[in-house]
Amino acid sequence: MQPFSTKKMRLSDVAYHGLRTAIIKAELLPGSPIDEKECMERLSVGRTPLREALQRLAQEDLLLAVPQRGYFVSSTSATDFFQLQEFRIQAEVWAARLAATRISDAQLDRLAALIEEARAGVEAQRMEIEWHLGIDEEMHKLIAEASGNTYLMQALTRLYALSVRSLYVSRMPVALLFEDLKDMVVIHEALASRDPDKAEAAMQAHLSVSATNLIRPVEAARHMRVETRK
């Protein structure tokens with residue numbers, strides 16, 4: 001899900017993003033083997049770029065490398081999502097605090113442009129989940145980049161992908177920008193004010209509300225199953 005880059009990507013990047021999207025969207029299900037020949041044909045890449053992509057995805061825990069057998073899509077569940085979310089919220093909040101003191105004017109401008117793109121899409125009633133997720137991931141990626149901490153950025157990239165994949169696999173609803181747009185504006189204002197406390201509170205509120213909106217349907221479904229058994 002990289003809809004915003006206009007740079008020509010290396011073939012290994014093409015393979016990486018293509019496979020990453022397929023895994024996140026559960027088009028490649030947990031436990032399924034990676035057919036390298038099929039992937040090369042589908043992604044129009046050679047074996048070397050594909051292998052580089054597979055290694056990157058294994059490092060991000062989206063794939064499992066099994067000696068003498070190849071690569072398999074790693075397992076995940078609804079439980080994984082909630083555990084990932086607990087960890088991710090703390091990391092995202094810390095990134096926002098750091099970004100408040102380190103973000104550049106150019107990065108603030110990029111975030112403002114992203115918000116305008118999101119607003120235009122919301123007004124046009126765009127419903128493609130991939131577009132909504134692409135905007136959301138780009139915002140979190142930009143803030144992580146602005147934190148100035150390479151290791152934190154790498155960790156958040158991994159956590160975002162694993163969290164969204166757990167949603168798809170568990171068939172939980174994916175939050176759309178119709179409700180999140182106002183959060184993006186508040187986060188931008190907090191970062192522009194260079195106030196770490198405001199940035200932390202804005203990110204905490206954004207992620208906590210998103211988690212609540214996801215938990216409610218799951219709890220309702222569980223309640224319905226209990227009532228059905230009675």
Side-chain angles (χ1 to χ4, degrees), residues 1-88 91-92 95 107 110 114 128-172 174:
M1 294 180 290
Q2 297 290 328
F4 308 101
S5 176
T6 57
K7 296 180 180 179
K8 185 176 181 180
M9 292 191 294
R10 298 180 304 161
L11 289 178
S12 60
D13 292 331
V14 171
Y16 168 78
H17 289 299
L19 280 173
R20 181 175 184 267
T21 297
I23 294 170
I24 289 175
K25 292 173 61 181
E27 293 171 356
L28 293 173
L29 294 173
S32 61
I34 298 298
D35 186 321
E36 293 192 15
K37 183 178 180 181
E38 179 183 332
C39 287
M40 286 189 290
E41 293 176 354
R42 181 160 63 91
L43 298 168
S44 299
V45 298
R47 187 174 300 278
T48 298
L50 178 63
R51 289 281 174 84
E52 290 178 9
L54 294 175
Q55 290 172 7
R56 286 176 65 184
L57 291 165
Q59 291 171 353
E60 295 176 9
D61 295 328
L62 289 170
L63 289 179
L64 177 66
V66 181
Q68 309 303 320
R69 295 185 59 195
Y71 290 88
F72 295 79
V73 179
S74 60
S75 62
T76 190
S77 66
T79 299
D80 290 332
F81 169 77
F82 292 112
Q83 292 181 354
L84 284 164
Q85 194 71 357
E86 287 177 340
F87 181 26
R88 184 182 162 219
E92 292 279 7
Q107 288 169 328
R110 283 168 53 198
L114 185 66
E128 315 94 290
I129 291 177
E130 291 81 3
W131 177 80
H132 288 264
L133 284 174
I135 292 281
D136 184 64
E137 182 174 14
E138 187 71 6
M139 179 191 73
H140 287 286
K141 179 181 176 182
L142 203 162
I143 294 170
E145 175 190 313
S147 75
N149 189 309
T150 302
Y151 297 101
L152 183 56
M153 183 178 178
Q154 292 172 346
L156 286 172
T157 297
R158 170 179 169 273
L159 288 171
Y160 190 95
L162 292 172
S163 296
V164 174
R165 183 173 74 113
S166 294
L167 291 180
Y168 273 99
V169 171
S170 303
R171 299 179 182 270
M172 289 191 285
V174 175

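These values consider heavy atoms only, across backbone and side chains, with no hydrogens, waters or symmetry-generated copies.
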Exercise for the section: Look at K141 together with E137 and state whether they make a salt bridge at an N to O cut-off of under 4.0 Å. Expected result: no
Distance, nearest 0.5 Å, that separates [atom1] of [X] from [atom2] of [Y]:
X	Y	atom1	atom2	result
L84	T76	CG	OG1	6.5 Å
L50	C39	CG	SG	5.5 Å
L29	S75	CG	OG	12.5 Å
L159	L152	CG	CG	9.0 Å
L54	S12	CG	OG	11.0 Å

[X] versus [Y]: any side-chain heavy-atom pair under 4.5 Å?
X	Y	answer
L114	I135	yes
D80	L162	no
P49	V14	no
L19	Y71	no

Residues which pass side chain to side chain contact (heavy atoms under 4.5 Å, CB included) with [X], listed by chain and number, not counting sequence neighbours:
X	answer
E41	K37
Q154	T150, Y151
A161	R20, I24, L62
T48	E52

Exercise for the section: Could you pull out all residues at least two apart from S163 that satisfy side-chain hydrogen bond (donor to acceptor under 3.5 Å, both in side chains)? Expected result: none
Exercise for the section: Return the set of residues passing side-chain hydrogen bond (donor to acceptor under 3.5 Å, both in side chains) with Q107 (not counting sequence neighbours), or none when no residue passes. Expected result: S104, E145
Heavy atoms only: give me the nearest [X]-[Y] pair and the separation to one decimal.
X	Y	value
L11	V45	O-CG1, 3.7 Å
L156	A144	CD1-CB, 3.7 Å
A26	Y168	CB-CB, 4.0 Å
Y160	L133	OH-O, 3.4 Å
E128	H132	O-CD2, 3.1 Å

Using the salt bridge (Lys or Arg N to Asp or Glu O under 4.0 Å) criterion, which residues pair with [X]? Sequence neighbours excluded.
X	answer
E27	K25
R51	E36
D35	none
E60	none

Exercise for the section: Assess the side chains of R165 and S74: does a donor N or O sit below 3.5 Å from an acceptor N or O? Expected result: yes
Completion exercise
In short, salt bridge (Lys or Arg N to Asp or Glu O under 4.0 Å) pairs touching residues 64-77 with sequence neighbours left out are none
Handout entry: Pairs satisfying salt bridge (Lys or Arg N to Asp or Glu O under 4.0 Å), at least one member in residues 147-163, at least two apart
Key = D61-R158
